[in-house]
Amino acid sequence: MALEVARDKASFMLQAKSLGIPGSNTSKTSFFMAQIMLRVFAAAFTVAAICVMVTSSQSIILLGFSIRAQYSYSSAMRFLLVTDAVVCAFSALSLILVCRLSRSGSYLKSCFYLLMHDMVIMVLAVSGCAAATAVGYVSRYGEEKMGWMAICDRVGKFCNQMMIALVFSYLAFFSYFALAVMSSNKVMYQANE
């Protein structure tokens, strides 16, 4: 039975190649090209988030005092900046790894390592986004029961810039989420063959 299945599969692959239908090599190439593009997107999104965050600040006069809003005054925003920098660095390093793994012989092993890397980076990215989102929510809407006032009505430019940085960070997270889904799908598919 197994011999018949193998013979049928080989026959199908020969027919597919003769008809010009892409085989497993094309699938492997398109998988790694998608991996490269999503990693480039993640790196670009985090660089954009870092640039917007570092350049965001606003000063206001309140009751005769000068008050300055800056990302470095919030530990959650500093954490987001650090996580974005780590995600950016590992995205760049993983590009090299993806290029090397695409040429290696152990395809299943390569996909598994990519999956583990992508899961760790994805969790790191979402933790930075979640921390910044919580602080951003309190900054925008306040917390009446705790007595925390909203500050975004006074420093709107700063809050809007931080929102843009947060959107870029979430886009980087979604890039890694897509990478993790792709790698896990590939690992499951390859393991079943």
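Values in this document were obtained by computation on a predicted structure and should not be read as measured data. One-based numbering along the sequence shown.
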Could you check if a side-chain atom of [X] sits within less than 4.5 angstrom of a side-chain atom of [Y], using non-hydrogen atoms only?
{"X": "Leu38", "Y": "Phe41", "answer": "yes"}
{"X": "Leu80", "Y": "Leu166", "answer": "yes"}
{"X": "Val135", "Y": "Met162", "answer": "no"}
{"X": "Thr133", "Y": "Tyr170", "answer": "yes"}
{"X": "Asp118", "Y": "Arg39", "answer": "yes"}

Give the minimum heavy-atom separation between [X] and [Y], together with the two atoms involved.
{"X": "Ala42", "Y": "Ala172", "value": "O-CB, 3.9 Å"}
{"X": "Ser169", "Y": "Asp84", "value": "OG-OD2, 2.7 Å"}
{"X": "Phe173", "Y": "Met122", "value": "CE1-CG, 3.4 Å"}
{"X": "Ala49", "Y": "Ala165", "value": "CB-O, 3.4 Å"}
{"X": "Gly136", "Y": "Met77", "value": "N-CE, 4.3 Å"}

Check your understanding: In terms of hydrophobic clustering (I, L, V, M, F, W, Y; side-chain heavy atoms under 4.5 Å; direct or indirect links), are Phe177 and Val123 co-clustered?
Key ->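 Shared cluster, no.
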Check your understanding: Do the rings of His117 and Tyr176 sit parallel, tilted or perpendicular, given the 30° and 60° boundaries?
Key ->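 His117 and Tyr176: tilted rings.
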Review point. Is a side-chain N or O of Ser183 found less than 3.5 angstrom from the main chain of Ala180, in a donor-acceptor match?
Key: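 No, Ser183 side chain to Ala180 backbone: no donor-acceptor pair under 3.5 Å.
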Check your understanding: Does the side chain of Ser94 pick up a donor-acceptor pair with the side chain of Gln35 at under 3.5 Å?
Key ->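 No, Gln35 and Ser94 have no side-chain donor paired with an acceptor closer than 3.5 Å.
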